[in-house]
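Remarks on the structure that follows.
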2 protein chains.
Amino acid sequence: MDKDKIDKKDHILDVAERVFADYGFDGASTRTISGEAGVNMAMLNYYFGSKEGLFLAVFERKISSFRTLLQNIGNDDTMTTWGKLEKCIDNYVERIIVNNCFQKLINREVSMNKRWTLTDKITEILMVNVHEIKKIIEEGLNNGSFYSDIDIPLVIATIFGTKNYIINMPQLSSLILGHDIRDEKFMEENLKPRVKTYMKRLLKAYLVNENDNSK
Amino acid sequence: MDKDKIDKKDHILDVAERVFADYGFDGASTRTISGEAGVNMAMLNYYFGSKEGLFLAVFERKISSFRTLLQNIGNDDTMTTWGKLEKCIDNYVERIIVNNCFQKLINREVSMNKRWTLTDKITEILMVNVHEIKKIIEEGLNNGSFYSDIDIPLVIATIFGTKNYIINMPQLSSLILGHDIRDEKFMEENLKPRVKTYMKRLLKAYLVNENDNSK
DNA sequence: TTTGCCTAATCAATCGTTTGATTAATTTTG
DNA sequence: CAAAATTAATCAAACGATTGATTAGGCAAA
């Protein structure tokens with residue numbers, strides 16, 4: 001049946017996503033992926049052409065999901081600029097906790113100097129997210145609700161960088177936070193709301209002009 | 001001559017550091033490293049025992065350098081807490097620009113779920129830096145010059161995370177900043193002072209209690 | 001001659017990929 | 001509908017290439 005075929009490809013992608021995240025592109029062998037997925041090795045090439053094709057397929061599957069989320073956040077004109085950014089942060093923190101293995105996968109491979117076809121593709125995907133955030137901050141700058149001398153590119157680096165630091169280095173941030181961040185309960189009940197609160201207060205202190213008289 | 005032997009080993013380590021940073025541990029082959037270093041392949045095993053031994057040797061060489069720099073920053077009692085943090089940031093930004101390929105190497109390998117002997121070693125090294133920053137922020141919290149409800153672990157995540165984001169993803173941050181950050185001139189004349197200014201203003205807005213009457 | 005440095009050649013193991021054969025499913029034809 | 005033809009899916013086996021590592025031997029200095 002057609003449904004089974006789709007589910008099998010999806011299953012392979014699920015496994016590949018995790019194995020790539022754990023071992024890196026080079027460290028993850030096609031034998032390991034096919035083995036853990038319970039399919040014949042040749043199926044990877046049959047479905048995805050090559051190892052790189054499989055890797056890119058893992059990405060392609062995520063793009064639409066990312067894009068639609070961000071569009072919904074950015075195009076809501078019923079709220080203030082700062083309100084948009086708040087919602088953006090809340091949604092982001094909510095997402096990264098669930099999808100952290102995919103995030104690790106991204107950040108590891110994009111830091112390579114070589115393999116340009118891959119990194120270019122990844123960069124392209126990430127820029128969608130960046131552009132959406134950038135639009136919101138620029139809006140706040142133009143309508144006067146944000147300070148006029150803020151450094152937008154570096155604010156973006158802080159938003160994504162803080163997030164990456166926590167999820168990409170679980171051993172290290174666990175030591176800093178005093179808890180194992182791979183503990184689901186701690187993640188959900190403590191870290192999630194904590195990161196939300198922190199990011200919003202940090203950015204508000206830097207961005208929002210309280211003396212704004214434009215509204 | 002003994003001097004030549006040491007220089008040759010150092011030369012191999014220099015090359016290995018760069019190649020590991022560019023290709024990752026798995027992606028970097030011993031043939032590539034020995035080839036670019038201009039030595040016979042067997043020399044790597046002769047000097048360092050194995051590929052992993054070579055990898056660890058690259059790290060060992062850096063530890064002392066890191067440690068001494070941080071001690072000089074943290075133990076100066078002639079300045080205020082905020083002044084210490086300012087100096088810390090300035091020194092950090094100055095360093096990361098020079099050593100960015102080593103930083104990339106660190107951040108890629110520590111995000112792996114496997115290879116525990118390596119990640120544990122790296123985590124240990126990074127904690128030295130973290131602890132030094134943490135000490136300063138706690139000092140500011142105790143003497144009342146910083147707000148009392150700040151989230152120290154997440155501030156640390158922001159400091160290192162923002163830095164990592166810029167240097168680990170040169171293609172992406174180049175797009176965001178509008179310039180190629182691998183351009184030495186732009187790096188030195190624009191990005192360096194810019195990141196310093198930004199980080200200090202960002203942290204000051206979040207941390208420093210202007211109504212502090214303790215002094 | 002012995003010791004330490006170095007090279008070329010080679011090792012077994014693993015890599016990603018391809019092959020030819022076989023089965024399952026679908027479509028076409030009578 | 002049933003038989004035949006075609007396509008899709010799956011498999012074990014093997015491919016050439018490359019991996020990290022080792023070997024045997026040369027060569028210069030002590």
Side-chain angles (χ1 to χ4, degrees), chain A residues 1-60 105 108-109 112 114-119 121, chain B residues 1-59 105 108-109 112 114-118 121:
Chain A
M1 202 186 293
D2 199 35
K3 191 173 172 298
D4 287 343
K5 189 180 65 184
I6 296 175
D7 286 350
K8 174 163 269 185
K9 284 185 72 169
D10 245 38
H11 172 62
I12 295 176
L13 288 172
D14 286 337
V15 173
E17 184 177 320
R18 182 176 49 77
V19 176
F20 274 134
D22 284 346
Y23 295 91
F25 180 82
D26 294 301
S29 74
T30 55
R31 281 171 178 79
T32 302
I33 295 173
S34 62
E36 294 205 13
V39 299
N40 189 276
M41 225 171 40
M43 286 295 93
L44 302 189
N45 296 82
Y46 179 76
Y47 280 129
F48 307 103
S50 66
K51 185 185 184 181
E52 181 166 316
L54 171 61
F55 190 80
L56 286 175
V58 171
F59 275 92
E60 302 289 355
L105 173 56
R108 175 141 17 75
E109 298 307 325
M112 300 273 194
K114 317 298 168 181
R115 259 205 308 264
W116 291 100
T117 55
L118 280 181
T119 52
K121 202 111 191 171
Chain B
M1 201 186 296
D2 200 35
K3 191 173 173 299
D4 287 342
K5 187 181 66 181
I6 296 175
D7 286 350
K8 172 164 273 186
K9 286 184 70 168
D10 245 37
H11 172 62
I12 294 176
L13 288 172
D14 286 337
V15 173
E17 184 177 319
R18 183 176 49 77
V19 176
F20 275 134
D22 285 346
Y23 296 91
F25 181 81
D26 293 302
S29 74
T30 54
R31 280 173 178 77
T32 302
I33 296 173
S34 61
E36 293 205 17
V39 300
N40 188 277
M41 217 177 49
M43 286 295 93
L44 302 188
N45 292 323
Y46 179 75
Y47 281 130
F48 307 103
S50 67
K51 186 184 182 181
E52 182 165 318
L54 171 62
F55 191 80
L56 286 174
V58 171
F59 275 93
L105 174 57
R108 175 139 18 74
E109 298 306 326
M112 297 275 196
K114 317 296 166 184
R115 264 206 302 266
W116 290 100
T117 54
L118 282 180
K121 202 117 191 168

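All chains are named by letter (A, B, ...) in the order of the sequence lines, taking the proteins before the strands, and each is independently numbered beginning at 1. Just the heavy atoms: all of them, side chains too, but no hydrogens, waters or symmetry mates, feed the values below.
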Minimum heavy-atom distance M41(A)-S34(A), with the two atoms named: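 Taking every non-hydrogen atom into account, CG-OG, 3.5 Å.
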
Could you tell me if the side chain of F20(B) sits less than 4.5 Å from the side chain of L54(B), heavy atoms only?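 SC-SC contact between L54(B) and F20(B) confirmed.
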
Could you state the [atom1]-[atom2] distance from [X] to [N], rounded to the nearest angstrom?
X      : N       : atom1 : atom2 : answer
F48(A) : dT10(D) : CZ    : P     : 11 Å
M43(B) : dC6(C)  : CE    : P     : 6 Å
Y46(B) : dC27(D) : OH    : C1'   : 13 Å
Y47(B) : dC5(C)  : OH    : P     : 6 Å
L54(B) : dT19(D) : CG    : C1'   : 15 Å

Do any side-chain nitrogens or oxygens of K8(A) fall under 4.0 Å of OP1 or OP2 in dA9(D)? no

Considering residues at least two apart in sequence or located in another chain, which fulfil the side-chain contact (heavy atoms from CB on, under 4.5 Å) criterion with A21(B)? C101(B), L105(B)

Tell me, please, which residues at least two apart from [X] pass side-chain hydrogen bond (donor to acceptor under 3.5 Å, both in side chains).
X      : result
D14(A) : R61(A)
S50(B) : none
N45(A) : none

Could you list all N or O pairs between the protein and nucleotides 20-26 of chain D that sit under 3.5 Å apart?
from	atom 1	to	atom 2	distance (Å)
dG20(D)	OP1	A28(B)	O	3.3
dG20(D)	OP1	K51(B)	NZ	2.5
dG20(D)	OP2	T30(B)	N	2.7
dG20(D)	OP2	T30(B)	OG1	3.0
dG20(D)	N7	R31(B)	NH1	2.9
dG20(D)	O6	R31(B)	NH2	2.9
dA21(D)	OP2	N45(B)	OD1	3.4
dA21(D)	OP2	K51(B)	N	2.9

Look up atom CD1 in I33(A) and atom CZ in F48(A), then write down how far apart they are to the nearest 0.5 Å. 10.0 Å

Does anything in residues 32-39 of chain A come within less than 4.0 Å of DNA chain C? Heavy atoms only, and list the residues if so.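 Here the set is empty: none.
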
Tell me whether the guanidinium CZ or amine NZ of K51(B) lies under 6.0 angstrom from the six-membered ring centre of F25(B) and within 45° of its axis.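 Yes, K51(B) and F25(B) form such a contact.
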
